[in-house]
Amino acid sequence: MDHTLVIVESPTKAKTIRRFLPPNYEVLASMGHVRDLPKGAAEIPASVKKEKWSRIGVNTTEDFEPLYIVPKEKKKVVKDLKNALKDATQLLLATDEDREGESISWHLMQILKPKIPTKRMVFHEITKKAINKALDETREIDMELVQAQETRRILDRLFGYELSPLLWKKVAPRLSAGRVQSVSVRLLVNKERERRAFKKASYWGLKATLLKDNISFESKLFSLNAQKISNGSDFDEKTGNLKKGNKSLILNEDRAKSLLKTLSKEKWKVLRVEKKPTIRKPVPPFTTSTLQQEANRKLRLSARETMRCAQGLYEKGFITYMRTDSVHLSEQAIRAARECVNSKYGKEYLSSSARQFNSNARNAQEAHEAIRPAGEVFKTPNDTDLSGRDLSLYELIWKRTVASQMAEAKLTMINAEIEVGEGLFKSSGKSIDFAGFFRAYVEGSDDPSASLEQQEVILPDLTQGSVLEVDSKEATYHETKSPARYTEAALVKVLEKEGIGRPSTYASIIGTIVDRGYANISSNSLSPTFTAFAVTALLEEHFPDLVDTTFTAKMESSLDEISSGNLEWLPYLETFYKGKNGLEVKVQKTEGDIDGKAYRQVDFDDLPCVVRIGSNGPWLEGVKIDESGNEIQAKGNLPMDITPGDLDKKKVDQILSGPSDLGTDPKTGEQVFLRFGPYGPYVQLGNTEEDKAKPRRASLPKELKTDDLTLLEALELLSLPKLLGEHPEGGIVEADRGRFGPYIKWIKNEDESENRSLKKEDDVFKVDLKRALEILAMPKLGRGGQEVIKDFGKPKELKDKIQILNGRYGLYIKCGKTNVSLPKDTDLEKFTLDNALVLLEEKMKDKNSSVFKKNKVISKKTLKNKKSKK
DNA sequence: CAGTGAGCGAGCTTCCGCTTGACTT
């Protein structure tokens with residue numbers, strides 16, 4: 001019996017195409033990629049763990065051979081596919097027709113090793129016709145395309161896994177760098193730099209409300225004696241002065257007000273009226289990027305929320321696939337959209353012919369259609385049982401798709417010039433002669449003042465020479481605004497334009513840069529942190545090419561050449577990674593050359609301070625003037641919500657001038673201060689005064705943040721050390737906090753005391769004498785501070801004895817200077833000396849020194865040689 | 001610019017792109 005197994009990427013797609021295939025076809029989903037490079041230590045197979053390159057997962061010494069593994073969450077998928085393959089007589093790989101899709105098919109071949117006839121099949125539309133055609137036109141896997149994907153994968157891995165460790169060493173642990181995220185962070189940082197460098201300009205203008213035929217309209221002063229009056233766009237953002245060569249006239253308050261008086265004596269006469277017919281065309285249907293942008297602008301959804309919602313709509317069959325970079329509509333879709341226009345708005349609202357769009361984004365791979373209502377007939381939003389967010393998003397998609405097949409809007413733009421003495425006023429109006437697609441959909445704008453596209457601005461019928469009545473007039477004050485921070489939508493827009501990132505990743509890019517502490521989201525905008533400034537400075541200085549916005553575009557064109565057979569992948573990767581200018585050497589060189597301290601700080605040209613990136617977050621270091629007028633060193637903690645853009649001279653002084661007052665201690669009546677010392681923030685009870693005992697002080701534990709510290713918390717800290725009671729054997733017992741965290745102190749007498757750290761589960765403020773005595777009664781850990789669990793003694797062939805110890809990181813075997821952690825699932829009961837020897841031997845493989853006597857070492861070496869020859 | 005009470009195996013972190021459940025509460 002013939003039985004064909006078809007593999008696609010998504011289960012929803014599997015379900016859909018199943019309907020168009022013969023009954024003896026079985027369709028399963030791969031759930032995306034089934035193999036990848038190991039993500040971290042846990043995924044690296046033990047057999048290669050010892051290799052230097054294994055951390056990267058790419059053998060950089062052997063032609064960049066990738067190390068592929070099946071990630072844990074894909075094990076079941078692979079098993080199911082293998083099982084299904086057993087009953088099949090034919091395999092069809094029907095993943096997407098783009099670089100990643102081709103690669104998925106190749107990986108499936110590699111891992112399933114099918115013994116039956118196997119073909120590659122691709123389709124872009126899920127219709128009976130399209131699928132039949134695809135079945136007739138199967139082909140082989142395109143290895144050049146696969147090679148391009150693998151090159152992309154390896155390059156990204158080398159980029160990320162070489163640069164991130166450099167940041168751990170030079171800036172802070174757990175930071176990350178990557179082809180996409182580092183450029184994104186840099187975009188945010190550059191915008192914030194612009195905001196910092198921004199100089200505000202202020203100017204005045206004149207505004208009048210005029211009347212004719214009972215229609216009032218607005219008019220603004222444009223020029224005076226033929227000299228243009230300055231407005232916002234005439235100023236340079238960096239200087240706050242007029243742009244170079246700009247000859248416009250800046251009105252100040254006095255001038256504006258006196259001008260207003262002068263003009264009130266004059267006649268307001270229409271000098272010229274210009275009418276210009278224009279048309280507006282509908283925007284293309286949604287891609288992932290434009291959907292995220294519009295949902296962010298119009299529905300205030302984050303990129304992630306949009307995608308989660310769209311995924312639901314897709315799974316329920318309301319829309320087509322939601323991760324796409326294509327604006328293409330299938331014939332079926334165009335027909336359905338035009339039918340909607342016809343029935344809902346009427347024939348005259350249809351565009352004269354079917355409208356097809358072309359992507360103008362770089363790097364579009366176009367494996368799917370645009371995002372649109374699914375099916376041959378579009379369900380109108382009202383005919384669905386959707387509600388809330390689902391309904392809003394579906395409505396957005398429906399309207400945008402339908403509007404794309406509607407007629408152009410026809411408008412008339414009217415510009416009127418009005419002469420008033422020496423002044424020239426201008427008014428503009430807009431009339432909509434035919435609404436066309438405006439009826440269904442108008443794209444939102446990031447600039448709220450520009451979002452009135454579909455609104456008319458009515459002007460009365462103005463004829464040259466006619467005199468107008470003045471209803472009111474006023475002098476208006478304006479100032480220029482600093483450039484706005486990126487919203488999620490604005491960032492996604494730039495990334496797409498530059499070809500950085502893919503539809504499946506836009507939402508997670510934002511997640512990554514927030515997770516790594518590079519940006520905060522507040523009121524829908526992304527503000528970069530001090531860490532982002534520090535990391536960007538390092539990367540810009542030492543790896544300028546890699547954080548250039550064109551890096552990805554250049555990579556993409558190389559990948560295109562690889563997939564068309566015009567470029568070889570190996571030399572490409574070698575140029576990137578190897579040699580004098582390769583990444584490997586540059587990272588090593590940078591690591592040796594630069595002082596990390598220089599990048600754990602952010603300098604600001606305009607501020608008398610530096611911001612240092614410390615383990616407790618950023619803090620400020622600068623100078624302040626003390627009471628006697630001397631400059632002294634000062635430090636201050638930065639509130640959590642402050643970003644580089646908000647830091648100005650005033651704020652710096654405020655932060656440095658401390659001590660900040662937390663309130664008054666009800667017991668002593670003394671003030672409690674939060675201060676910043678050489679070891680971090682601390683609280684202090686009362687003022688420092690001469691001839692008086694030093695005030696009581698206490699460090700802030702790491703988990704307490706300075707900006708939301710309460711008086712109560714401070715007083716609790718200051719209450720330490722706390723007397724718990726008397727020890728039965730004499731002396732007293734106290735609880736306190738110190739360098740190593742909370743501990744119990746048993747003061748036996750004046751010279752003698754014994755201490756124990758508190759256990760994790762104990763609270764230093766709540767611990768009582770009983771518990772303290774319990775902890776004190778526990779034996780002090782043996783020499784070396786480790787608890788011996790098991791002692792195997794000293795085997796004959798070894799120099800040292802073998803022990804199992806319980807340490808900070810769990811159980812481990814100790815033999816002389818060699819230590820090996822026990823695997824987590826080790827059954828201690830069954831663990832024998834032989835097991836221990838095996839583990840120790842493993843550990844010794846790469847080391848010169850050995851627990852084994854000479855002859856053993858030699859035998860190890862020979863074994864290793866044999867292995868490397870193979 | 002505060003003040004203190006030890007001593008001790010490390011090993012891991014990280015990239016970009018494709019895709020869903022699997023988990024817990």
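Below, read A as the first sequence line, B as the second, and so on, with proteins coming before strands; counting in each chain starts at 1.
- Taking atom CD of residue A:E73 and atom C1' of nucleotide B:dT20, one finds them 10 Å apart after rounding to whole Å.
- Side-chain N/O atoms of A:R502 and base N/O atoms of B:dC16 include no donor-acceptor pair closer than 3.5 Å.
- Put simply, OH on A:Y68 is 15 Å from P on B:dC18, counting in whole angstrom units.
- For A:R186, the salt bridge (Lys or Arg N to Asp or Glu O under 4.0 Å) test picks out A:E540, with sequence neighbours left out.
- A search for side chain to side chain donor-acceptor pair (under 3.5 Å) contacts involving A:T95 returns A:S105, A:R120, not counting sequence neighbours.
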Tabulate protein N/O versus nucleotide N/O from nucleotides 23-25 of chain B, keeping only pairs under 3.5 Å, one per line.
none

For nucleotides 11-14 of chain B, which of its nitrogen or oxygen atoms have a protein nitrogen or oxygen under 3.5 Å away, and what is each distance?
from   : atom 1 : to     : atom 2 : distance (Å)
B:dG11 : OP1    : A:K843 : NZ     : 3.2
B:dT13 : OP2    : A:A41  : N      : 3.2
B:dT13 : O2     : A:R174 : N      : 3.2
B:dT14 : N3     : A:R55  : NH1    : 3.3

Can you give the donor-acceptor pairs under 3.5 Å from side chains of residues 70-78 of chain A to other protein atoms, not counting sequence neighbours?
from  : atom 1 : to    : atom 2 : distance (Å)
A:K74 : NZ     : A:M31 : O      : 3.1
A:K74 : NZ     : A:H33 : O      : 2.7
A:K76 : NZ     : A:D80 : OD2    : 3.1

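- Using a 4.0 Å heavy-atom criterion, one finds that A:Y321 contacts the sugar-phosphate atoms exclusively.
- Whole-Å rounding puts the A:L81 CG to B:dC18 P distance at 20 Å.
- Judged as a side chain to side chain donor-acceptor pair (under 3.5 Å), and not counting sequence neighbours, the contacts of A:Y68 are A:E150.
- A salt bridge links A:R99 to A:E556: at least one charged side-chain nitrogen sits closer than 4.0 Å to a carboxylate oxygen.
- Across the protein-nucleic acid pair, A:K74 atom NZ and B:dA22 atom P stand 14 Å apart, rounded to whole Å.
- When distances run from any side-chain atom of A:S699 to the nucleotides B:dG3, B:dC16, B:dT20, the shortest one goes to B:dG3.
- One can place CG of A:L155 at 14 Å from C1' of B:dG17, the figure rounded to the nearest angstrom.
- Per the geometry, NZ belonging to A:K76 stands 10 Å off P belonging to B:dG21, to the nearest Å.
- For the pair A:M31 CE and B:dA22 C1', the interatomic distance rounds to 11 Å; values are reported in whole Å.
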*So what does the secondary structure string of DNA chain B come out as, 5' to 3', with Watson-Crick or wobble pairs under 3.5 angstrom, [ ] for crossing and | for pairs with another strand?*
.........................

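- Within 4.0 Å of A:G178, counting heavy atoms only, lie sugar-phosphate atoms of the nucleic acid but no base atom.
- Applying the side chain to side chain donor-acceptor pair (under 3.5 Å) rule to A:W53 yields the partners A:N59; only residues at least two apart in sequence or on another chain are considered.
- Using a cutoff of 4.0 Å between basic side-chain nitrogens and carboxylate oxygens, A:K13 and A:D96 are scored as salt-bridged.
- With distances taken from any side-chain atom of A:T505 to the nucleotides B:dC15, B:dG3, B:dG17, the minimum falls on B:dG17.
- Sequence neighbours left out, the pairs with a member in residues 162-180 of chain A that pass salt bridge (Lys or Arg N to Asp or Glu O under 4.0 Å) are A:D156-A:R179, A:K169-A:E591.
- At the heavy-atom level, A:D36 lies under 4.0 Å from base atoms of the strands shown.
- For the pair A:R99 and B:dG17, the criterion of a side-chain N or O lying under 4.0 Å from OP1 or OP2 is not met.
- Counting to the nearest Å, the C1' atom of B:dT20 and the CZ atom of A:R304 are 14 Å from each other.
- Contact annotation for A:R697: backbone-only contact, meaning every heavy-atom pair under 4.0 Å involves sugar-phosphate atoms and none involves a base.
- Not a single side chain to side chain donor-acceptor pair (under 3.5 Å) links A:T60 to another residue, sequence neighbours left out.
- Applying the side chain to side chain contact (heavy atoms under 4.5 Å, CB included) rule to A:P608 yields the partners A:K649; only residues at least two apart in sequence or on another chain are considered.
- With sequence neighbours excluded, the residues forming a side chain to side chain contact (heavy atoms under 4.5 Å, CB included) with A:K748 are A:W746, A:E752, A:E754, listed by chain and number.
- Remark: A:R516 is not positioned above the aromatic ring of A:Y518, lacking an NZ or CZ atom under 6.0 angstrom from the ring centre and at most 45 degrees off the axis.
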